[in-house]
Amino acid sequence: MNLRYRKTIIAGNWKMNLNAEAAKQFIAQLKPLAAEAKWCDVVLCVPFLQIPAAVKAAKGTKIAIGAQNCHFETKGAYTGEISCAMLAEAGVKYVIIGHSERRRDCGETDRLVNQKVLAALQAGLRPIICVGETLEMRDNGVTLDLVRMQVKVALRGVMQDQLRRVTIAYEPIWAIGTGYTATAEQAGEVGGCIREVLRQNYGARAARSVSILYGGSMNTSNAATLLAQPDVDGGLIGGASLNAESFGKIIEAANQE
Ligand code: 13P
């Protein structure tokens, strides 16, 4: 973390979990914990259907609501899709783009991720762009090459003044939902590599302003160590974001001056 230059962000990705009632209860429980979080932003990325209830429950609190996906067109014949304008209208502030589960299950490519990022920015949303390697790629030593490429393609056409609304999440696929976490050094190395790509493309000042998150089995016991890395500015948390108490503890770990 480096509070001089950028925000710390703790974001929960609920994936396909929790119904509207559970969302309401969760937010009521999280509210006092989030209120303490002066030094970090708190985001909950909830299933589409839970957005209205979550936005209502989070009104007037420090909690921002995010979505987990979007379409790149503003409207039209795209059955089953939701546009960024619709999300913004519903009170959504953040949107996760290119999560590895969507790359795997829905065939999302870097090019599609790029289209969605541009659409999200256009609609005034803050994209959280997910990148990360498989275990095989890591074993073959191509992690940094892959992540560099994913970041470069995702940001094609993004202007310098839009970059401060972008968040990048490094999520090694082998660490998602597996209980295996990247070491702080591994997370810090990839975070540093992402920052370097941003510096080369946008200059040092713009690069410094971007929050880079780590995601992959982050929990109450490893959060503080991961967040101590200069290029780990927060977390994108799956499993441990489903329980308000444990999510609150991670916020507490991040809320350091
Ligand atoms: P877990 O925290 O459950 O490993 O999930 C991480 C993730 O995919 C967040 O987007």
Side-chain angles (χ1 to χ4, degrees), residues 8-18 22-23 26 30 40-48 50-51 54 63-70 87 92-106 108 113 116-117 120 125-135 137-138 143 146-147 150-151 154 166-184 186-187 190-191 194 211-227 229 232-254:
T8 300
I9 300 175
I10 296 297
N13 175 8
W14 283 359
K15 308 191 179 183
M16 201 168 68
N17 293 295
L18 304 188
F26 184 106
L30 189 67
C40 106
D41 284 6
V42 179
V43 183
L44 288 176
C45 299
V46 308
F48 282 141
Q50 268 58 284
I51 286 172
I63 305 163
I65 301 303
Q68 301 170 13
N69 180 36
C70 60
L87 293 175
V92 162
K93 301 282 182 244
Y94 289 79
V95 58
I96 296 174
I97 297 179
H99 192 281
S100 61
E101 285 152 14
R102 295 199 59 84
R103 293 181 190 253
R104 178 195 68 200
D105 300 337
C106 309
E108 293 201 2
V113 168
K116 292 186 179 195
V117 169
L125 299 177
R126 296 173 174 271
I128 300 175
I129 305 167
C130 299
V131 298
E133 81 288 2
T134 61
L135 190 55
M137 289 168 174
R138 176 159 282 275
T143 298
L146 173 89
V147 167
Q150 287 180 322
V151 172
V166 169
T167 300
I168 299 184
Y170 167 53
E171 297 210 311
I173 293 168
W174 49 271
I176 296 177
T178 57
Y180 297 111
T181 318
T183 62
Q186 287 170 327
V190 179
I194 293 170
S211 303
I212 299 174
L213 316 183
Y214 168 79
S217 300
M218 193 186 250
N219 57 37
T220 51
S221 27
N222 59 29
T225 318
L226 287 157
L227 293 167
Q229 290 288 320
V232 177
D233 307 309
L236 183 55
I237 298 132
S241 77
L242 296 175
N243 175 292
E245 201 181 323
S246 59
F247 192 59
K249 287 214 173 93
I250 299 175
I251 294 170
E252 205 178 300

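We count ligands from 1, going down the list as the structure has it; atoms in each ligand are counted the same way.
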Ligand-side contact atoms (ligand 1) for residue partner [X], heavy atom cut-off under 4.0 Å:
{"X": "G177", "result": "1 (P), 3 (O), 4 (O)"}
{"X": "S217", "result": "1 (P), 2 (O), 4 (O)"}
{"X": "G216", "result": "4 (O), 6 (C)"}
{"X": "E171", "result": "6 (C), 7 (C), 8 (O), 9 (C), 10 (O)"}

- Query: Got an N/O contact under 3.5 Å between G239 and ligand 1?
  - Reply: yes
- Item | Heteroatom proximity flag, H99 to ligand 1, N/O under 3.5 Å |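 The answer is yes, given that H99 and ligand 1 share an N or O pair closer than 3.5 Å.
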- Item | Pairwise side-chain contact, I97 with R102, heavy-atom cut-off 4.5 Å (strictly under) | no
- What protein heavy atom sits nearest atom 5 (O) of ligand 1, and how far off is it?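 Residue, atom and distance for the closest contact: K15 NZ, 3.3 Å.
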- Protein heavy atom at shortest distance from atom 2 (O) of ligand 1: G238 N, 2.9 Å
- Task: Give the ring-plane orientation class for F247 versus F26, where under 30° counts as parallel, over 60° as perpendicular and anything between as tilted.
- Result: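 It falls in the tilted class, 30° to 60°.
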- Just heavy atoms, cut-off under 4.0 Å: does A175 contact ligand 1 by side chain, backbone, both, or neither? backbone
- Would you kindly specify which portion of N13 sits under 4.0 Å from ligand 1, judged on non-hydrogen atoms: side chain, backbone, both or neither? side chain
Checking [Y] against [X]: is there a side-chain donor and acceptor pair closer than 3.5 Å?
{"X": "W174", "Y": "E133", "result": "yes"}
{"X": "N222", "Y": "T181", "result": "yes"}
{"X": "N219", "Y": "K249", "result": "no"}

- Item | Greater than 12 external heavy atoms within 6.0 Å of K93's NZ |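 It does not: K93 NZ has 12 such atoms or fewer within range.
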- Basic-acidic side-chain contact under 4.0 Å: R103, E108: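 Salt bridge between R103 and E108, a charged N being under 4.0 Å from a carboxylate O: no.
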